[in-house]
Amino acid sequence: MEISLIQALIIGLLSYLGSLSCPWLLGLTGGWYTITRPLISGFLIGIILGDVETGIIVGVAVQIVFIALVTPGGQMPQDLNAAAFIGVTLGILTVKQGGTVESAVAIATAVGAIGTIFHNFMMFTNTFWNTRAIKAIEKGDYRGLALNHWILPQMVQACYRIIPTVVILYLGQSYANEIIAMFPVESYVMRTLTALGGMLPAVGVAILVKQVTKKNIDIIRFLLGFTLVAAIGINMISLAIIGGFFAYSHFTYTATTVAAGNASASNDLEEEL
Amino acid sequence: MKKLSNKTLRKSWLRWMCGNLSSMSFQWLASFGFSDSMVPVIKELYGGDKEEEIKALKRHSAFYNTEPQIGCIINGVTCGLEEERANGADIDDEVINSIKLGLMGPIAGIGDAMIPGMWVPLLLSIAIGLAEGGNIMGPIFYIVTYLSSVTLGSYYLFFKGYQLGTKSIDMIVGEAASRVREAFNLLGAIVVGGVGASYVNVTTRFVIETGDVDAPVIANDVLNNIFPKLLPLIVILFCWWLMSKKNVSALKVMGILIVISMAGVAIGFF
């Protein structure tokens, strides 16, 4: 399988449309949270390259690594966008050339780590447009604000996303095959990347655990969910229903005690704020 | 009596939904996304009075960052406040700013826990199940359910915030709200537990030779007999401990995991 220049360009364009700051697909909702999910990007790249099935299979495998990724305050431990477009495409190529899905995941993980450079660079250069936007606001210049908020940062962002994607996919595809061939599945590098790929979701999960627990003892809630799935093997919808039952009970139960312990309730609130 | 038209409110919602992070930087994040979303509102309320327009724009260009999709409710509340202010209510810049700043924190917390923490992994888990063997139902399910639920939800929250105005502050930071948040945190923690058990994958190749060639002790099986998926659980708790107790950033935790996997493979543990 070979990627033509047109195909590389379309994938590059999708990568831009799915990047965190891109507004054109209803902002985060249609971009970052929809087409940049590797499951969806794998599907779309599969359509572009003419093999939807392989696209989805690789997409699912990469998606699992990044399932719990949260980006609090724009900080990114992994650049999902680079993993979802550059990584998944290279992964599909590898699988079509006889590589395993695991090595496809390893490649996407490596690309995701390197991709954080693009993201941080964008966050850095946007400061320039921000200072110009402040000047426009001080003059009440709506056009200047629109230019420095919508147009110019997005033109730069499009370059950050489209150029590396096209260059790596179009010019790099032959090298990629050679590099992959250099590292068979049982090699040190591939085994490290596979082990890392298995552990990486733990970072996202841990960020979330940190967010939803106030006291250390709250970790028991996380352990309940973990145990139900690990030991009993129920699926996610069932878990959501069980969790919903506990959440509802918690809500109703605290409602009856709150009148008696109003003071403690307001203390809780202060802690949260 | 000035009244914002539905058309203006819809415009403001759409501008926020699309452009919230368009010019994001470390220093400003969603600041200009917010001020830009207020442009149609400012034009309608203060149109013609350039001085008031500039004052209003400045008011809405302070530092701002929240979960943008659930955060639509704050935009709705702010539109309501601006309307009251334009009608002569005694609301100064300080009030509007402190309401925005006071709400963005709680909403960011609950929003991150609900959207990327719960709703996205939940829908993805179902979609991954449906996508088995490369079935296109998986991605299509996710695209349809995520886009429709979040778009409708944020539109509803925006208008709810506008209608309730300052009353919705009680809804977000009041006593009942803190109970709702606590309940969502509980649900989130349980769902995240399931995500961790399903998708964190750590196994060891470590084998203890017993002398009997046919029956070596496979460490991974021993560990799983103590508690299923013990190794993934240890890795998750280790990351959590580093981040919440030692204040290590997520990026550094990833670096530590890279070192652990390199060392682990080198000594034959992974």
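Atom set for the values below is all heavy atoms of this structure, side chains included, hydrogens, waters and symmetry mates excluded. In what follows, every chain begins at residue 1, and chains take the letters A, B, ... in the order their sequences are listed.
Here the closest non-hydrogen pair linking B/S198 and A/M236 is OG-SD, 4.3 Å. Nearest heavy atom pair, residue A/I56 against residue B/G134, reads CD1-O, 3.5 Å. In terms of heavy atoms, B/Y142 sits closest to A/Y33 at OH-O, 2.7 Å. In this structure, A/M199 and B/I260 approach most closely via the heavy-atom pair CE-CG2, 4.2 Å.
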Enumerate donor-acceptor pairs with a distance under 3.5 Å from any side-chain N or O in residues 220-234 of chain A to protein atoms, sequence neighbours excluded.
unit_1, atom_1, unit_2, atom_2, d
A/R221, NH1, B/E182, OE2, 3.2
A/R221, NH2, B/E182, OE2, 3.1
A/T227, OG1, A/L223, O, 2.6

Show me the donor-acceptor pairs within less than 3.5 Å that the side chains of residues 226-246 of chain B make with the rest of the protein, sequence neighbours left out.
unit_1, atom_1, unit_2, atom_2, d
B/K229, NZ, B/A197, O, 3.3
B/S244, OG, B/W240, O, 3.0
B/K245, NZ, A/N216, OD1, 2.6

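Comparing A/I242, A/I64, A/I57 by heavy-atom pairs within less than 4.5 Å of chain B, the highest count is held by A/I64. Taking chain B as the reference chain and counting heavy-atom pairs below 4.5 Å, the highest number among A/G243, A/G46, A/S21 is found for A/S21. Each of A/N148, A/I219, A/N235 has some count of heavy-atom pairs under 4.5 Å with chain B, and the biggest count is that of A/I219.
Between the side chains of B/S23 and A/H149, a donor-acceptor pair is found at a separation under 3.5 Å. A donor and an acceptor atom, one from each side chain of A/Y142 and B/E53, are located under 3.5 Å apart.
In this structure the side chain of B/I54 never reaches within 4.5 angstrom of the side chain of A/K139, judged on heavy atoms. Residues B/V180 and A/F251 meet the side-chain proximity criterion, which asks for heavy atoms closer than 4.5 Å. Here the side chains of B/L21 and A/W32 are not in contact, with every heavy-atom distance at 4.5 Å or above. By the 4.5 Å heavy-atom criterion applied to side chains, B/D112 and A/I207 are not counted as neighbours.
Residue contact with chain A, scored on non-hydrogen atoms closer than 4.5 Å, is absent for B/A108. In this structure, chain B has heavy atoms under 4.5 Å from both the backbone and the side chain of A/I134. Contact of B/V120 with chain A is made through the side chain alone, with heavy-atom distances under 4.5 Å. The contact between B/R205 and chain A is made entirely by side chain atoms (from C-beta outward), counting heavy-atom distances below 4.5 Å. Using a 4.5 Å cut-off between heavy atoms, B/N224 does not touch chain A at all. With a threshold of 4.5 angstrom between heavy atoms, A/W129 does not approach chain B through any atom at all. Only the side chain of B/I126 comes within less than 4.5 Å of a heavy atom in chain A; its backbone stays farther off. In this structure, the portion of B/L14 lying under 4.5 Å from any heavy atom of chain A is its side chain and not its backbone.
Within a 6.0 Å sphere centred on CZ of B/F63, heavy atoms belonging to other residues, nucleotides or ligands number more than 12.
A donor-acceptor pair is defined here as one N or O able to donate and one able to accept, closer than 3.5 Å; no such pair exists between the side chain of B/K58 and the backbone of A/E138.
Just one residue in the list A/N130, A/T125, A/N126, A/T131 forms a side-chain hydrogen bond (donor to acceptor under 3.5 Å, both in side chains) with B/S25, and that residue is A/N130.
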